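Notes to accompany the following structure.
Just so you know, these numbers come straight off a predicted model, no measurement behind them. Residue numbering restarts at 1 for every chain, and letters A, B, ... go by the order of the sequence lines.
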Number of protein chains: 2
Amino acid sequence: MRPTVHDIAAEAGVSLATVDRVMNARPGVREKTRVRVEQAIEKLGYVRDVAAANLAKGRIYPFTFILPKNDNAFMAELRQAVVEANEQGRVERTRIAIVDVPAFDAEALASALDAAGADEPAGIALVAIEAEPVRAAVARLKEAGIPVVTLVSDLEGSERDHYAGVDNPAAGRTAASLLGRFLGDRRGTIGVLAGSLSVRDHQNRFSGFSEVMATQFPQFEILPPMEGRDDAAIAERLVGEALAAHPDMIGIYSLGAGNRGLIAALQQARDAGREIVTIAHELSAHSRAALESGLFDAVLNQDAGHEVRSAIRVLKARADGTPVIAAQERIRIDIFIRDNLP
Amino acid sequence: MRPTVHDIAAEAGVSLATVDRVMNARPGVREKTRVRVEQAIEKLGYVRDVAAANLAKGRIYPFTFILPKNDNAFMAELRQAVVEANEQGRVERTRIAIVDVPAFDAEALASALDAAGADEPAGIALVAIEAEPVRAAVARLKEAGIPVVTLVSDLEGSERDHYAGVDNPAAGRTAASLLGRFLGDRRGTIGVLAGSLSVRDHQNRFSGFSEVMATQFPQFEILPPMEGRDDAAIAERLVGEALAAHPDMIGIYSLGAGNRGLIAALQQARDAGREIVTIAHELSAHSRAALESGLFDAVLNQDAGHEVRSAIRVLKARADGTPVIAAQERIRIDIFIRDNLP
DNA sequence: CTGTTAGCGCCTTCAA
DNA sequence: TTGAAGGCGCTAACAG
C-alpha cells in the first residue's frame, strides 16, 4: 500500500497535525522536526492524496466566465462547454457563474468585469475585446488580486495571467497554406470575411494569412477584408456582393463566425456554376455539412471544451499559487477536411 | 451547500446504509423504501461525490497493457503515455502493468495475453495483430470475464470490448485527399510505404487511401505497397530503391512508422533535385522537423495520450459494469502541416 | 430488510 | 511548538 500521513507521522515520530503543518508549509514547526518529517516523506515516497485533501478541506473555487451573447454556433458551444465544466465542477470543487455581455461591446465588457470583480471570485475568464476600457478593467482586477484569463481572444499588453486560445496568427498561416496549395495553378482573387477586426483573434488570423499569401503565394490578389460581425445575414450579403463584384474570385478565407450566411452565398455561387475554394473556422453542424457537400474545403477548429477546461485549470492553479506547465495548456489548431470529420 | 447522503437519509427517513444500497443498486431493499430514497435524491438534486466514494471504497483497478517492443517514436510515445497514466493512477485508483512483446509476432502476443490473463487483472489492453491465435487468446480472456480493449490497431471479428484508436480507413482517405489536392495538375506515380499489412491499422489505411485515389484521383498510378516493418533502415532502402526505379514518382504515402528512414531517402531525393509530395503518420521530433523543412507536406497523427486515457476509461467502465458513451471515446485524426504544429 | 458503526486519507479546531 | 480528536462524504462490515 502507498504510504499515508499516518505512516509519515510514525516514521518521523510526530503527530498527524505536525505532518500536516509541514506538508502545507504552515508555521509553528521547529526547523528540526520539519526536517525529520521531510525526510520521512522522502524516505517513504509519500504523495498526498489530493482527492482526500479536497474532501477534508471542502474548499470550492468560485469562478466567473464572461461570454459574448452571440448566437453563432461556436459561442453556443463554448457556453455549453462552460455549463458542462460547471456540472463536472462538483467533482473539481469549482463553481462557475456565467455572465452574458453584448458582443463586440467594449464598454459593456468593461462594466461586466468590474461587476464580476465586486463579488471577489477566485478567478475570472473573458473573451477579450481589444480596447482600452477593457484593459483598464483587467488592470483593476489584477490590482484586487483576482486571477484573469482570456479565452478564445486575447488582450495583448494587458495584465491577464494567461490566454486560453489558439495561436491565431498560426491559424491564419495554416489557412493560407491550405488555400494556396488547394488552388494550385488557378489564378484569380481571394476574398476574406472577418467578424470584426476589433477583436484580436480576427486581426491576428488576418495578419498571419496575409503574411503567408504574400510570401508563398504572391500570384493571388487578396481583397480587403469584409466585416460580417459574425452575423449570418450580414455575411451572406457581403459575400454575395463580393462574388458578384469579382467574377474572378476563386477562393475565400472566412476567419470569423457566421458560417450559415457564407454557406448560403457559396451555394448560390455553386448553383451559378462557380466553385470557390473555401477555408472557414469552427466545426459545427453547418460547417460539417458544408465540408461534406464540398462547399467548404477545410475547416480550422479550436476545441471549445479544451479551451474552457484549460482556462479553469489555469485559474485554479493561479488561485492556489501553483505553477502551470505552459506547454501543456497550449490549444491546438485542428484541421478538418471531409475525410477526417469526427 | 449541496446535499449529502445524510440529507437524503433524513429526507427519506431511512439510514445511511439504505441510501447507499439504493445508490449502488445493491440488493436487500424493499421496493417501497427504494422509491422513497430515489424520490429524495431527485427532490434534493443529489449528486454523489465520486472522490469521497472512491476514498471510502479504496478499490484499485489492476490493468495490463501489452505493447510491441518497437523502437519507433510512436510506440515510445504510447509507452510513455501509459507510464504517465500509471503515475496519475494513484489518483484514479488504477495500477498498470506494462508487458513487452516482440513486434509483429502473433504467437508471442497470444502467449502474452494468456500470461496476463492468468494474473486476473481488471482489464487488458493490447496493440492487436490480425491473426487467429490472437483472436483465440482474446476469446479465452473474455471467457474468463476479463475486459479487453484493443489499442491503436484493432482485431476485427473478435470479442474485444472496445477499440481505442483512430478510424484508419478514414485516415487513409484523408491522406489521399490531401495528396491528390497537393499534387494538383502534376502527373506521375505514387509510392506507398507500410509497416506490415498484417496489422489491421495499416491494412485499413491502405484500403481507405486506395479507394479515394481510385475514385477521386484516377490520374495517378499507385504502386504496390512496400513493407518496411516500421524499421528505419529497411524503409530507407525500400524508398531509395523505389525512387530510383520510378523516376516519375511524385508522391509518397507512408502509412506506418519508420519515418527516420523515409526522411533520409527523401533528403537524398531532394539533394538530387526531386521534390516528392509526402504524407506520413505520427508526429514526432523527426516528422516535425521534416514538416518544417518541407520534406513532409502533412502528417496525420493520433494522440497516443488520448488513446491510452480512453482505453483506461473504457476498461474501468467495463470493470464497473457502467456504460461508456462511444461518441465521447472517439479518437480523432489530427492533421498537421508546417503552420499548425503545436 | 434495515440500522449502527467504524473507517478511507487528510485537514482543522482546540488544548496542552 | 506540538498533539488529540472530530469531521469531510461515502462505503462496508456487522448486527439487529
Side-chain angles (χ1 to χ4, degrees), chain A residues 1-38 40-41 44-61 88-95 320-322, chain B residues 1-41 44-61 88-95 319-322:
Chain A
M1 277 308 285
R2 57 188 276 205
T4 75
V5 273
H6 290 93
D7 303 317
I8 304 299
E11 175 75 23
V14 297
S15 77
L16 293 184
T18 302
V19 173
D20 189 71
R21 290 188 186 101
V22 173
M23 278 177 13
N24 294 292
R26 267 193 284 272
V29 183
R30 238 190 331 182
E31 178 65 17
K32 260 179 74 178
T33 42
R34 220 201 54 220
V35 171
R36 272 226 311 284
V37 172
E38 278 165 354
I41 289 177
L44 301 189
Y46 170 83
V47 252
R48 147 228 244 122
D49 182 331
V50 191
N54 283 335
L55 174 59
K57 278 206 273 254
R59 168 166 192 194
I60 63 136
Y61 302 78
Q88 263 296 310
R90 328 203 65 144
V91 183
E92 325 271 339
R93 317 207 90 79
T94 57
R95 185 161 311 164
D320 287 340
T322 55
Chain B
M1 275 311 285
R2 59 188 272 206
T4 75
V5 271
H6 290 92
D7 302 318
I8 304 301
E11 175 75 23
V14 297
S15 76
L16 291 186
T18 301
V19 173
D20 188 68
R21 290 189 186 99
V22 173
M23 279 179 11
N24 294 292
R26 265 191 285 270
V29 183
R30 236 188 336 178
E31 178 64 17
K32 260 181 76 178
T33 42
R34 220 201 54 219
V35 171
R36 273 228 310 285
V37 172
E38 277 165 355
Q39 283 173 345
I41 288 178
L44 302 188
Y46 169 82
V47 247
R48 141 230 248 128
D49 183 330
V50 190
N54 283 335
L55 175 58
K57 278 206 273 255
R59 165 163 194 199
I60 64 138
Y61 302 77
Q88 263 295 311
R90 327 202 63 142
V91 183
E92 325 271 340
R93 320 207 87 82
T94 57
R95 185 162 309 164
D320 286 341
T322 56

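For D:dG3, one of the phosphate oxygens OP1 or OP2 lies less than 4.0 angstrom from a side-chain nitrogen or oxygen of A:T18. Checking the phosphate oxygens (OP1, OP2) of C:dC11, a side-chain nitrogen or oxygen of A:N24 falls inside 4.0 Å. Close to D:dT2, at under 4.0 Å from its OP1 or OP2, lies a side-chain N or O of A:R30. Using a 4.0 Å cut-off, some side-chain N or O of B:S15 falls inside it from OP1 or OP2 of C:dG3.
By the 4.0 Å N-to-carboxylate-O rule, A:D7 lies too far from A:R2 to be salt-bridged with it.
Residue B:D20 places its side chain closer to D:dC10 than to any other of D:dC10, C:dC10, D:dT2. For A:V5, whose side chain is taken as the heavy atoms from C-beta onward, the closest listed nucleotide among D:dC10, C:dC10, C:dG3 is C:dC10. For B:T4, the listed nucleotide lying nearest its side chain is D:dC10; candidates were D:dT2, D:dC10, C:dG9. Closest to the side chain of A:R26, from the set D:dC10, D:dG3, C:dC11, is C:dC11. Here C:dC10 is the nucleotide among D:dT2, C:dC10, C:dT2 with the atom lying nearest to any side-chain atom of A:A56. Comparing D:dG3, C:dC11, D:dG9 by their closest approach to the side chain of A:R21 singles out D:dG3. Here the side chain of A:K57 is nearest to one of C:dC11, D:dG9, D:dA13, namely C:dC11. You'll find that the side chain of B:D49 is closest to D:dC10, out of D:dA12, C:dG3, D:dC10.
Among the atoms of the strands shown, none is found under 4.0 Å from any heavy atom of B:V19. Contact annotation for A:A17: base contact, defined as any heavy-atom pair under 4.0 Å involving a base atom. When heavy atoms are screened at a 4.0 angstrom cut-off, A:G28 is found touching base atoms of the nucleic acid.
You'll find the side chain of B:M23 reaches within 4.5 Å of the side chain of B:I41, heavy atoms only. With a 4.5 Å cut-off on side-chain heavy atoms, B:D20 and B:V5 do not count as touching. Looking at B:I8 and B:L44, their side chains come closer than 4.5 Å, going by heavy atoms from C-beta outward.
In this structure, CG of A:N54 is placed 16 Å from P of D:dC8, rounded to the nearest angstrom. Across the protein-nucleic acid pair, A:L55 atom CG and D:dC8 atom C1' stand 4 Å apart, rounded to whole Å. What separates CZ of B:R48 from C1' of D:dT11 is a distance of 10 Å, to the nearest Å. One atom, CD1 of A:I41, and another, P of C:dC10, lie 10 Å apart when rounded to the nearest Å. One interatomic measurement links the two molecules: NZ of A:K32 to P of D:dT1, which rounds to 14 Å at whole-angstrom precision. Computed from coordinates, the B:I8 CD1 to D:dT11 P distance equals 12 Å when rounded to whole Å. The interatomic distance linking B:H6 (NE2) with C:dT4 (P) rounds to 11 Å, in whole Å.
Comparing B:A52 and B:R34 by the nucleotide of DNA chain C whose heavy atom lies nearest to each, the residue mapping closer to the 5' end is B:R34. Where A:P27 and A:L16 meet DNA chain D, the nucleotide closest to each residue was compared, and A:P27 sits on the side nearer the 5' end.
Taking CD from B:Q39 and CD from B:E11, the interatomic distance works out to 9.5 Å, rounded to the nearest 0.5 Å.
Between the side chain of A:D49 and the backbone N or O of A:A51, at least one donor-acceptor pair lies under 3.5 Å.
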